[in-house]
There are 2 protein chains.
Amino acid sequence: MSTDHPTPTLHARHDHAHCVADALTRADALCAQRGARLTTLRRRVLELVWSSHRPRGAYAILEDLSQQDGKSTAPLTVYRALEFLVEQGLVHRIESLNAYVGCASPGASHSGQFLVCEGCGDAAEIDDSSIRTAIESAAIARGFRVQRPTVEVRGVCKDCQEKHP
Amino acid sequence: MSTDHPTPTLHARHDHAHCVADALTRADALCAQRGARLTTLRRRVLELVWSSHRPRGAYAILEDLSQQDGKSTAPLTVYRALEFLVEQGLVHRIESLNAYVGCASPGASHSGQFLVCEGCGDAAEIDDSSIRTAIESAAIARGFRVQRPTVEVRGVCKDCQEKHP
DNA sequence: GTAGAGATGTTATAAAATAACATCATGAGC
DNA sequence: GCTCATGATGTTATTTTATAACATCTCTAC
């Protein structure tokens, strides 16, 4: 499932280096505050997840990791790091892509809503309260107790629409 | 990932045989109307998907199929049938489970919203207009064109809550 | 009846995820 | 500082999920 997207556009114009640095700093702070151990490996995996705003597969991250180190790493290593990062709310898993993406606002709510562009592959995290409450209401109406809502909307982002009119 | 759930409860009380027969009849009608070929194989796979209201993995269906026939079937056979059924809107894929479930109202809208119970494993399909419009509005606000919204809500259904208070 | 499209069969392989167990590192308590 | 227990990582093997490439069959339209 190598989804080769042309170029990411959704966030094309921003200072991505800053964006990553920011994410790492917030992760450091959050983990310190919680007494969670953001080890070197986990931090590196987090950085690799953040290397773009496109969800990345575990094996893609694995490759990066292996390449950086020269030696090859086992899948489990990456999966374990990802598991930790997801638990800490630093990374989200995009179910419909079997891939992972950095969380835009760790520490906060976490409804897990994404607009996934078919064009560029970017996944924009949103946190729309009306979606959240609509889901909650629908569930309550059926006596269903919500634990983890997943919203993944496939479509085409603004930039990609402009490119291909 | 063998999610062995105790017993399905969400739809425990209904006449499931009737439920399946109904689904097959509607599928026949829809495909006839569209000129789509609901072959014997595809119909059998549809029936197996409907064997419960729990999403079933492709390989589980494959096993059933092989067992029924004595001879073993190839995965691709099942995947191709499922692909057809999903295209026709007769079956939905639950992304977060890598599994398939019969569509409650084929031919109709198809927003693809599910309440997935962690207890019994049942996936109740809902079609809540306020969820649909909330997603649509959120997308529009960001210039995003929606193609396929996916909503999969993990939680605990009414019956399972009553069982484990 | 025949051609052609679409459906299925067959074999092999890729991609994604986990299991079981060994070893290593870190930090709390002494 | 040392020790031990806990948690993190390494290693090897395997399972689960999904697709590729190509051959053969089977309907349907003509």
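Just so you know, these numbers come straight off a predicted model, no measurement behind them.
The heavy-atom pair separating A:R43 from A:D28 by the smallest distance is NH2-OD2, 2.7 Å. The two residues A:A104 and A:E125 have their closest heavy-atom pair at N-OE1, 2.9 Å.
Taking atom CG of residue A:L76 and atom P of nucleotide D:dT15, one finds them 16 Å apart after rounding to whole Å. The interatomic distance linking A:E95 (CD) with D:dT17 (P) rounds to 14 Å, in whole Å. At whole-Å resolution of the value, CG in A:L62 and C1' in D:dT9 are 14 Å apart. The separation between A:R43 atom CZ and D:dA8 atom P is 17 Å, rounded to whole Å. Atom pair A:Q88:CD and D:dG7:P shows a separation of 14 Å (rounding to whole Å applied). Rounded to whole angstrom, the span from the CZ atom of B:F84 across to the C1' atom of C:dA7 amounts to 10 Å. The distance between atom CG of A:L82 and atom P of C:dA17, rounded to the nearest whole Å, is 9 Å. One interatomic measurement links the two molecules: CG of B:L38 to P of D:dC27, which rounds to 14 Å at whole-angstrom precision.
Residue-to-nucleotide proximity on DNA chain D shows that, of B:R80 and B:G57, the 5′-proximal contact is made by B:G57. Each of B:P75 and A:A60 was assigned the nucleotide of DNA chain C with the nearest heavy atom; the assignment lying further toward the 5' end belongs to B:P75.
Between A:T39 and D:dA8, a side-chain N or O to OP1/OP2 separation shorter than 4.0 Å is absent. Here A:N98 reaches the OP1 or OP2 of C:dA17: one of its side-chain N or O atoms lies under 4.0 Å away.
Here A:L41 lies in heavy-atom contact (under 4.0 Å) with sugar-phosphate atoms only. Heavy atoms of B:R42 sit under 4.0 angstrom from primed sugar atoms or phosphate atoms, though from no base atom. Among the atoms of the strands shown, only primed sugar atoms or phosphate atoms (P, OP1, OP2) are found under 4.0 Å from some heavy atom of B:R37.
Here D:dA18 is the nucleotide among D:dA18, D:dA20, C:dG9 with the atom lying nearest to any side-chain atom of B:Y79.
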Is there a side-chain contact (heavy atoms from CB on, under 4.5 Å) between A:C120 and A:R54 once you walk through the steps? CA-CA 8 Å; A:C120 61; A:R54 301 187 229 178; over 6 Å; no

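Checked against a 6.0 Å centroid threshold, the rings of A:Y100 and A:H92 do not count as neighbours.
D:dT17 has B:Y59 stacked on its base ring, the centres lying under 5.5 angstrom apart and the planes within 30 degrees of parallel.
Between B:H53 and B:H16, the ring planes lie perpendicular to each other; the angle is over 60°, past the 30° to 60° tilted range.
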